[in-house]
Structures are given as C-alpha cells and as structure tokens.
Amino acid sequence: MNDLRNPLQRALGLGSAKEGANHWWRQRITAVALFFLGLWFVALVLMLLHGDYASAHAALANPFNAVLMLVFGIALFWHMQLGLQVVIEDYVHSRWLGVVLQIAVRFYAVLAAVLAALAVLRIALGR
Amino acid sequence: MDHTRRPLSPHLGIYRWQVQMVSSILHRATGIALAVGTLLLLGGLLTLADGSAAFAAYRAFLATPLLQILLIGWTWAFAYHLCNGVRHLLQDAGLGFARPVFVRNGWIVVLLSLLLTILIWAWIVLAGGAP
C-alpha cells in the first residue's frame, strides 16, 4: 500500500517514540499540579498528625479537601507511571522484563488511583 | 544489548562525582522511593475510609521505629524531588544552564531539601512528638 503523504508529514511531531512530545508534556503538567498539591498534602497531614480519627475523617470529608485529594491521587499516580516508564526504558535492558514491568507499573497506577478515589468518595459521601 | 564492547556514555566507572550528575541521579532515585511511598498514602486513605480501628492500626504501624526512620527518608525524598522538580521546570524554560549557575542551583536544591525536611520534622516534634 502506497502512502501518498510526504514522509515529513508522517514524522512531524511524532519522532521515534510515535507519540511526539505527549509524554514530556503530561509529565510536566502533572509536575506543576503536584507542586501545589504536594505542598497542600503535606500541610494537611501536618495539621492532622496529632489529631484523632474523627478530625482526620472530617477534614477529608470537607468538599474542598476531598476534591484536592481526588485530583492529587490522579496526578500523583499518573506522574509516577510516566516517571517509572522512563526509568524502566533506560535501565532495564531485557525486552520481556521491561514489558512486564511497564505493564505492572500501569496496573498499579490505575489500581492505586481508583482505590484512592474510592476511599476519598467513601469518606466524603459517608459510608 | 551486547552489540559492542566499546565503553558507553556516561562512563560512570571513570566519572568524577559532581553535583550535576548526583542531582540528576537523586531525582530518579527519590522518584522511585516516592513511588514505593505511595503505598503508605493508599494505606492511610483506605484505613481512614474503613474506620477508626483500622486507622489506629495504621498509625501504630507508622509509629514503629523502622517506619519513623523511613518516614524521615521519605520526607527528604519528597522535599528533594519537589525542589529539584522546580529546578527541572525552570531548565525546561531554558533557564539556569550557565555552568556556574547550574552548579549553584544544584547545591541550592540540596540545601533547600534538607532545610524543608528539618522544618517539617521540627514542626512534628514541637507540635506534640512523633505520631
């Protein structure tokens, strides 16, 4: 099958990774989000550290904190997957082990993000 | 991967250790450590959703000496990844590549991360001791 497109048209913005700068951009956007969310998370933990269960539960049930925790979980596990992906690509030189690890990291990222989201929703919406 | 016997960059075996390379390696190392640390975040959220008994068990687990030491390590990993992440974002914007600036910023990040770690744990201790 002849592809009549100019080869440059097919390659432009895609490169050898086949997805262009998407990985790079997503890593940066989640990084900026995590800068603010990370500081918020540490502040929240420090506030609740010496309190009891009820106050921690009430703090996360607060809609403001619940929303930020939901977004924090998504950004965190997304950023984690993007970062570990590059580490595996760079340092794991066995093809099958690399693929297994990439799949494992993605499974954990999705599973963890959903688990965290469900926990926040249970806290925020009542059990 | 054994297509060649030529030495491959970055020649770590003969490389002089310097803040430029160490800060880059540490960014990845702390990232991996923080990925493991997400298990603690999950544990906290799940037990908080589960009930006071589960949450108490989680806190008792965190209060063990081993976990306290690990938590100090994770605090520093967080602080370092945060500060060096900002440095990386500034570098993505094309800033801070002159060699003296690059070296200086590397050391600033190291010192800031240590300062942040000390501040956080000072706050924890002063506000009522370890959890």
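Everything numeric here is computed off the predicted structure, so don't read it as measured data. Throughout, protein chains are lettered first and strands after them, A, B, ... in sequence-line order, and every chain is numbered starting at 1.
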More than 12 heavy atoms from other groups under 6.0 Å of [atom1] on [X]:
{"X": "Trp107(B)", "atom1": "CH2", "value": "no"}
{"X": "Phe64(A)", "atom1": "CZ", "value": "no"}
{"X": "Trp78(A)", "atom1": "CH2", "value": "no"}

Could you state whether [X] and [Y] fall into the same hydrophobic cluster, counting links through intermediate Ile, Leu, Val, Met, Phe, Trp or Tyr residues with side-chain heavy atoms under 4.5 angstrom apart?
{"X": "Leu97(A)", "Y": "Val99(A)", "answer": "no"}
{"X": "Phe77(A)", "Y": "Val32(A)", "answer": "yes"}
{"X": "Leu70(B)", "Y": "Leu49(A)", "answer": "yes"}
{"X": "Phe107(A)", "Y": "Val92(A)", "answer": "no"}
{"X": "Leu62(B)", "Y": "Leu48(A)", "answer": "yes"}

Contact part of [X] toward chain A, heavy-atom cut-off under 4.5 Å: side chain, backbone, both or neither?
{"X": "Leu42(B)", "result": "side chain"}
{"X": "Leu39(B)", "result": "both"}
{"X": "His81(B)", "result": "side chain"}

Notebook entry, point to check: Which is it for Met80(A) and Thr38(B) under the side-chain contact (heavy atoms from CB on, under 4.5 Å) test, yes or no, and what are the steps along the way?
Noted result: CA-CA 9 Å; Met80(A) 179 200 77; Thr38(B) 59; 4.2 Å; yes

Check: Nearest heavy-atom pair of Ala49(B) and Ala119(A): which atoms, and what distance?
Finding: CB-O, 3.7 Å

Note to self: Using every non-hydrogen atom in the two residues, find where Leu34(A) and Leu82(B) come nearest and quote the distance to one decimal.
What the structure shows: O-CD1, 4.5 Å

Quick one: what part of [X] sits under 4.5 Å from any heavy atom of chain B, side chain, backbone, both or neither?
{"X": "Asp52(A)", "answer": "backbone"}
{"X": "Ile88(A)", "answer": "neither"}
{"X": "Leu60(A)", "answer": "side chain"}

Notebook entry, point to check: Would a distance-only check, ignoring hydrogens and angles, find a side-chain to backbone donor-acceptor pair under 3.5 Å from His57(A) to Gly51(B)?
Noted result: no

Margin query: Can you see whether Tyr53(A) engages Arg59(B) through a side-chain donor-acceptor pair at a distance of less than 3.5 angstrom?
Written below: no

Item checked: Option that, when pairs with chain A are counted at under 4.5 Å, heavy atom only, ranks first among Leu46(B), Leu89(B), Ile32(B), Asp92(B) -> Asp92(B)

Check: Do you know which of Leu41(B), Thr75(B), Val86(B) has the most heavy-atom pairs with chain A at a distance under 4.5 angstrom?
Finding: Leu41(B)

Margin query: Working to the nearest 0.5 angstrom, can you tell me the gap between Arg122(A) CZ and Leu48(B) CG?
Written below: 10.0 Å

Notebook entry, point to check: If you round to the nearest 0.5 Å, how far is CG of Leu115(A) from CG of Leu45(B)?
Noted result: 10.0 Å

Notebook entry, point to check: Stepwise, does the side-chain contact (heavy atoms from CB on, under 4.5 Å) test hold for Leu76(A) with Leu34(B)?
Noted result: CA-CA 10 Å; Leu76(A) 176 70; Leu34(B) 289 168; over 6 Å; no

Check: Relative to chain B, which of Val120(A), Val105(A), Val42(A), Leu118(A) shows the most heavy atom pairs under 4.5 Å?
Finding: Val42(A)

Margin query: I need the residue from Leu39(A), Val45(A), Val87(A), Leu46(A) with the largest number of non-hydrogen atom pairs under 4.5 Å to chain B.
Written below: Leu46(A)

Item checked: Check against side-chain contact (heavy atoms from CB on, under 4.5 Å), Arg28(B) and Asp90(A) -> CA-CA 11 Å; Arg28(B) 290 198 156 181; Asp90(A) 284 357; 2.8 Å; yes

